[in-house]
Amino acid sequence: MALNITFQNQAPTTVLCIGVHENGPLACDPGYGDKDTRDLLSKAIQNSTFKGKISQSLTVFTQEGQRLILIGLGVKENQDKSNREIYWQKIGSAVSCALQSAGCTEGSVDIHDAREEDSFVLSNIALGTLLRSWRFEKYFTKKEPDELFRLTQVTFQTTMAEAVEKAFSPLAILADSVFLTRSLVTEPGNVVNPETLALAATSLQKAGVTVEILEESELKKLGMGALLGVGQGSAHDSKVAVMRWDGGQKGDAPLAFVGKGVTFDSGGLSLKSSTGMEEMKDDMGGAGVVIGLMQALALRKAKINCVGVIALVENMPSSTAQRPGDVVTSLSGQTIEVLNTDAEGRLILADALWYTQDRFKPKLMIDLATLTGAMVVCLGKERAGLFATDDDLANKLLKAGETVDELLWRLPLDDAYDKEINSNIADMKNISGGRGAGSITAAKFLQRFVNNVPWAHLDIAGVTLMDKDLPLSAKGATAFGVRLLNRFVEDNYEG
Ligand code: BES
Ligand code: ZN
Ligand code: ZN
């Protein structure tokens with residue numbers, strides 16, 4: 001069930017979260033409760049391991065049976081030294097975790113620091129609570145209610161409900177769009193296929209996005225031989241979805257976002273080993289981010305023209321599948337020797353990137369792809385890889401990532417790496433001749449399909465699915481990239 005968030009002058013107090021600083025007096029002091037209650041809380045703190053550290057919490061029952069949940073706020077002086085919005089979002093996340101582990105369905109929050117502050121603080125706490133509360137439980141049919149996520153209502157105590165609501169409303173839209181992406185990534189491969197993912201894109205029409213689906217016959221006519229080769233072993237037709245949000249000046253060149261949408265990557269005839277193959281349902285993560293991003297931009301009526309292009313295929317082995325050694329002709333006219341059918345992401349992106357720059361003449365182009373396992377070897381699951389032909393674009397993306405805590409790390413695109421993908425019988429091959437730098441040679445492959453437009457490539461292979469909880473997302477799909485790109489657009493291109 002979805003979590004409902006409200007802001008009120010008088011919140012219910014049966015379950016109340018209050019903030020406590022590390023090594024300080026009660027944060028609510030002297031604003032909260034009577035002397036007896038404050039004494040009770042002080043004693044509880046003394047007799048526990050609760051120190052007020054960030055993400056610590058402590059539940060105390062009053063004599064009246066009221067449940068007070070102390071939420072650690074960390075050292076007060078450090079608050080302003082860190083990224084303030086992320087700091088408060090993490091406090092919100094702690095609220096979600098504390099209420100959930102206490103088994104509550106409803107709770108209120110009264111954080112003195114926030115009450116005193118502007119709406120920025122409260123709206124960010126609420127965003128953190130919301131982001132951390134998302135769960136995907138639709139396929140459980142046997143669990144008892146108390147085994148499922150129960151929190152359905154969180155009320156924030158504030159004297160400025162209207163102002164906070166106004167600040168929170170674009171953040172709630174953003175969270176909804178993050179959830180759309182997380183759902184699409186979490187749905188299994190028998191549910192999300194090129195058709196259903198195209199339908200998900202089409203449903204953005206209700207948000208005001210113009211959507212066009214290019215069917216396989218049109219892709220053939222256009223000459224997308226690289227993309228079609230990947231999908232030819234699947235029972236599902238390949239597709240390209242084009243989403244446009246025109247919130248800017250008429251005629252202004254759009255920002256373009258391109259996503260890898262391999263709805264399941266078995267590897268094709270270069271079949272992956274069975275260990276972990278199930279994770280390859282997330283190989284449409286880039287496309288999922290583009291869908292979520294386009295929804296966020298449209299719902300908050302961003303003053304900018306944007307286009308999202310997603311390449312939708314399923315990579316399967318079958319008698320019609322592409323063979324290792326096949327040569328395909330891409331939309332650009334360049335030929336590719338497919339030496340490994342598991343290096344398929346670059347093949348579909350080659351055509352999608354070319355198509356996007358050719359048709360839309362964008363101001364800049366950014367692609368997102370769960371492209372290489374080598375990215376996970378290189379950066380683990382802490383940061384995504386950034387490749388860019390333009391320093392200004394790279395720096396804007398790095399900064400947006402820091403702001404929303406979706407961290408990037410820039411890697412090189414030196415020409416020296418490019419020769420590794422020359423083929424003996426075609427213009428290029430889809431895997432490197434050398435052993436190392438798999439993520440870089442993949443990016444160099446993509447670069448061969450990008451002309452003069454400033455371009456960036458985000459390799460999100462490591463950050464799309466997590467096997468552990470993060471502050472702003474429970475274990476599972478993160479939607480890494482939606483908040484980052486939404487902020488990138490907002491901070492740099494909306495005047
Ligand atoms: N979708 C995978 C990359 C991937 C791996 C994403 C692990 C998320 C987690 C991609 O299509 C792939 O299979 N890449 C190959 C390339 C190789 C054959 C050159 C890889 O990384 O092993
Ligand atoms: Zn693959
Ligand atoms: Zn793949």
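As the structure is a computational prediction, the values presented were derived from the model and not from experiment. Whatever order the structure lists them in is the order used to number ligands and atoms, beginning at 1.
When non-hydrogen atoms are compared, ligand 1 lies under 4.0 Å from the side chain of M280 (C-beta onward) but not from its backbone. Looking at M284 against ligand 1, nothing comes within 4.0 Å, counting heavy atoms. Contact annotation: for L371 versus ligand 1, heavy atoms closer than 4.0 Å belong to the backbone alone.
Ring planes of W134 and F136: tilted class, angle from 30 to 60°. Using a 30° and 60° split on the angle between ring planes, F257 and F488 fall in the perpendicular class, above 60°.
Taking backbone and side chain together, K260 holds an N, O or S atom under 2.8 Å from the Zn ion (ligand 3). Coordination check, D342 versus the Zn ion (ligand 2): passed, since an N/O/S atom of the residue sits under 2.8 Å. Among the atoms of E344, an N, O or S atom falls under 2.8 Å from the Zn ion (ligand 3).
Between M428 and R346, the closest side-chain pair of non-hydrogen atoms is not below 4.5 Å.
The minimum heavy-atom distance between V240 and A311, with the atom names listed, is CG2-CA, 4.4 Å. Of all the heavy atoms in L364 and Y493, the pair that sits closest is CD2-OH, 3.2 Å.
Protein heavy atoms are found less than 4.0 angstrom from atom 14 (N) of ligand 1.
Among the heteroatoms counted here (N, O or S) of D265, OD2 is the one nearest to the Zn ion (ligand 2).
With respect to E212, the salt bridge (charged side-chain N to carboxylate O under 4.0 Å, His left out) criterion is satisfied by exactly one of K239, R359, R244: R359. When each of L227, V230, L349, N430 is tested with E344 by the rule side chain to side chain contact (heavy atoms under 4.5 Å, CB included), just one qualifies, namely V230.
In the vicinity of T372, heavy-atom distances shorter than 4.0 Å reach the ligand 1 atoms 3 (C), 21 (O).
Considering D283, T441, V377, I431 only, the shortest heavy-atom separation from atom 1 (N) of ligand 1 involves D283.
Using a 4.0 angstrom heavy-atom cutoff, M375 does not count as in contact with ligand 1. By the 4.0 Å heavy-atom criterion, K260 is counted among the residues contacting ligand 1.
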